[in-house]
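Have a look at the structure below, then the notes.
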Amino acid sequence: MTSLSREAMLWPENTAEGAHTSCDDGSARQRERAGDAWDQAMNEVEPMTVNLFDWERAHESARAAREQGSVHPATLPNGVRVWVIGGYDDALAALVDQRLRKDGAGLRRILGAQLARLGKSSRTSRMYGSSILFLDNPRHDELRGLVSALFKPRPIESLRPRIEFLVTQLLADLPRDTPVDLIAHLAFPLPLLVICELLGVPTQERAPFRAWTAAMMEDDPDRVLEASDAMEHYFGKLIVAKRAEPDDALLSTMVQLHDQGDLSAEELMDMVILLFVAGHEASTNLIGNGIQHLLAEPRAWRSLGAEPNLIPSLIEEILRFDSPIRMAPMRWTEEPVRYGDVTIPAGEIVLVSLLSAGRDPHQYPHPNRLDIHRNATHLGFGQGIHYCLGAPLARLETQVVFDAVVRQFPRARLAVASSELCHKPSMVMNGIKALPVILGR
Ligand code: HEM
């Protein structure tokens with residue numbers, strides 16, 4: 001077996017991201033700002049000249065923002081005002097900082113007031129409901145404890161044969177000589193099938209799932225609400241069906257936990273929606289971003305086929321280099337919170353930019369190089385009590401996929417230039433919409 005040279009797994013500095021004019025949908029335009037406390041706080045910090053929500057130039061924008069400071073007030077494309085933390089040290093501190101609240105009721109109050117001021121419905125989606133992602137302790141740990149055993153590395157590892165089987169099936173009939181979209185045919189369906197099987201969601205009913213999840217992660221409050229309502233309706237019916245006819249999967253267990261008084265009806269619904277959405281959307285991005293960057297370096301792609309033991313460290317490096325989650329889901333301040341020389345006032349929404357932290361040059365030498373030998377820690381799965389519950393599952397799925405594609409398709413290549421790949425217009429998700437590849441023979 002040949003030894004994979006360090007050079008083969010060092011990618012060139014990835015700074016220029018190309019023009020991407022074909023991807024622009026206007027959503028990245030900054031809106032006018034309003035509001036007293038925020039304006040006052042704005043006067044005390046250097047105004048930022050960078051658009052952090054330009055999806056196609058995300059790394060360039062993040063770098064420019066970091067150069068102006070680690071903590072910035074910003075306006076989302078939908079007009080909602082937030083504070084973004086982008087330096088690695090402050091990002092890490094914020095993720096574990098219990099002064100930054102997660103509690104969904106408080107978040108819905110702040111977000112609802114902002115949306116109302118913008119003339120939009122103040123109703124927020126179920127993603128900001130009572131799932132563990134939007135709960136503080138002690139309730140967070142109680143609820144997480146109800147499901148966490150299933151997601152530990154050992155039970156997850158037992159899924160390997162099933163995941164290998166699904167990957168084999170998904171790859172079986174793909175064309176070799178014409179472009180095939182590896183998001184639509186692999187990176188999206190695999191994690192979806194796996195989380196559906198874990199939860200006990202009938203996979204034959206999955207037709208609308210992609211549109212729902214995509215809309216939930218977008219920035220347009222109307223589309224988000226529409227998708228959230230559709231999901232609530234669907235899972236409401238499924239919960240009734242599982243109660244009538246329980247099976248061995250997680251949703252039936254959760255229904256049982258509800259029926260014996262361990263979680264409320266609202267918590268049950270919000271947990272199901274969280275597990276369903278979190279359980280596939282970010283993994284799709286990790287697989288898609290990873291294949292995209294690997295294909296940019298054909299020699300590395302082929303070498304990896306010969307040395308699959310390097311795949312786990314490659315996955316960690318991709319989580320740093322192009323974080324599948326752009327910004328960790330919202331936190332909020334109950335009291336003024338200071339990072340470095342910036343004070344975020346009380347009652348503000350805070351976003352931690354994992355994408356930016358992953359390329360902070362103070363933390364990582366040559367941050368714009370994908371270096372499989374880096375062995376560095378990253379914040380891609382978050383940190384603290386909200387650390388990703390599904391990290392072992394996401395790692396396993398990605399490992400099985402990478403292992404299969406590099407071995408089966410040593411001559412695979414991108415069917416379009418990297419600069420033509422368009423990103424999802426999402427504040428939370430960092431992934432490409434489609435990945436056309438010629439798999440080759
Ligand atoms: C590459 C794939 C994934 C990435 C990058 C990712 C990333 C993250 C991050 C950054 C957080 C922390 C959010 C915060 O602090 O606000 C998180 C939380 C969470 N993730 Fe993942 N995730 C992935 C896959 C999954 C999968 C497959 C599941 C399946 C169940 C999952 C379930 C969750 C849950 C339930 C939480 C909330 C944990 C809590 O609040 O205690 N994730 N994830």
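Whatever order the structure lists them in is the order used to number ligands and atoms, beginning at 1.
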Measuring from atom 26 (C) of ligand 1, which candidate in Pro191, Ala278, Gly380 has the nearest non-hydrogen atom?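 Ranked by closest heavy atom to atom 26 (C) of ligand 1, first place is Ala278.
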With atom 34 (C) of ligand 1 as the reference point, say which of Thr398, Leu389, Thr284 has the nearest heavy atom.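 Going through Thr398, Leu389, Thr284 one by one, Leu389 has the nearest heavy atom to atom 34 (C) of ligand 1.
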Which ligand 1 atoms does [X] reach within 4.0 Å, using its non-hydrogen atoms?
X	result
Leu274	35 (C)
Leu286	1 (C)
Gly382	10 (C)
Ala282	1 (C), 2 (C), 3 (C), 4 (C), 23 (C)
Ser283	1 (C), 2 (C), 24 (C), 27 (C)
Pro324	5 (C)
Leu354	10 (C)
Leu275	30 (C), 35 (C)

Looking only at protein heavy atoms, which one is nearest to [atom], and what is the separation?
atom	answer
atom 42 (N) of ligand 1	Cys388 SG, 3.0 Å
atom 38 (C) of ligand 1	Arg144 NH1, 3.3 Å
atom 28 (C) of ligand 1	Gly390 CA, 3.4 Å
atom 29 (C) of ligand 1	Gly279 CA, 3.5 Å

Under a 4.0 Å heavy-atom limit, does Leu133 contact ligand 1 with its side chain, its backbone, both, or neither?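 Answer for Leu133: both.
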Under 3.5 Å between any N/O of His140 and any N/O of ligand 1: does that happen in this structure?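 His140 vs ligand 1: N/O contact under 3.5 Å present.
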Nitrogen or oxygen atoms of His386 and ligand 1 under 3.5 Å apart: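 By distance alone, the answer is yes.
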Is NZ or CZ of Arg359 both nearer than 6.0 Å to the six-membered ring centre of Phe321 and within 45° of the ring axis?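 Relative to the ring axis of Phe321, which defines the angle, Arg359 lies inside both limits.
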[X] bridged to [Y] by N-O distance under 4.0 Å:
X	Y	answer
Asp97	Arg99	yes
Glu157	Arg154	no
Lys424	Glu281	yes
Glu142	Arg139	yes

Flag, side chain of Lys242 to backbone of Thr253, donor-acceptor distance under 3.5 Å: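 Looks like no, no N/O pair under 3.5 Å.
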Could you check whether any heavy atom of [X] sits closer than 4.0 Å to an atom of ligand 1, since that is the contact criterion I want to use?
X	result
Phe151	yes
Lys102	yes
Arg331	yes
Ile385	yes
Met271	no

State, yes or no, whether a side-chain contact exists between [X] and [Y] at a heavy-atom distance under 4.5 Å.
X	Y	value
His423	Asn430	yes
Asp229	His233	no
Ser356	Arg66	yes
Thr284	Leu286	no

What's the spacing between Met254 CE and Glu267 CD if we round to 0.5 Å?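 One finds 10.0 Å between CE of Met254 and CD of Glu267.
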Rounded to the nearest 0.5 Å, what separates atom CZ in Phe381 from atom CG in Leu389?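 Answer for the CZ-CG pair, Phe381 versus Leu389, is 11.5 Å.
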Aromatic centroids of Phe409 and Trp301 separated by under 6.0 Å: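 Ring centres of Phe409 and Trp301 not closer than 6.0 Å.
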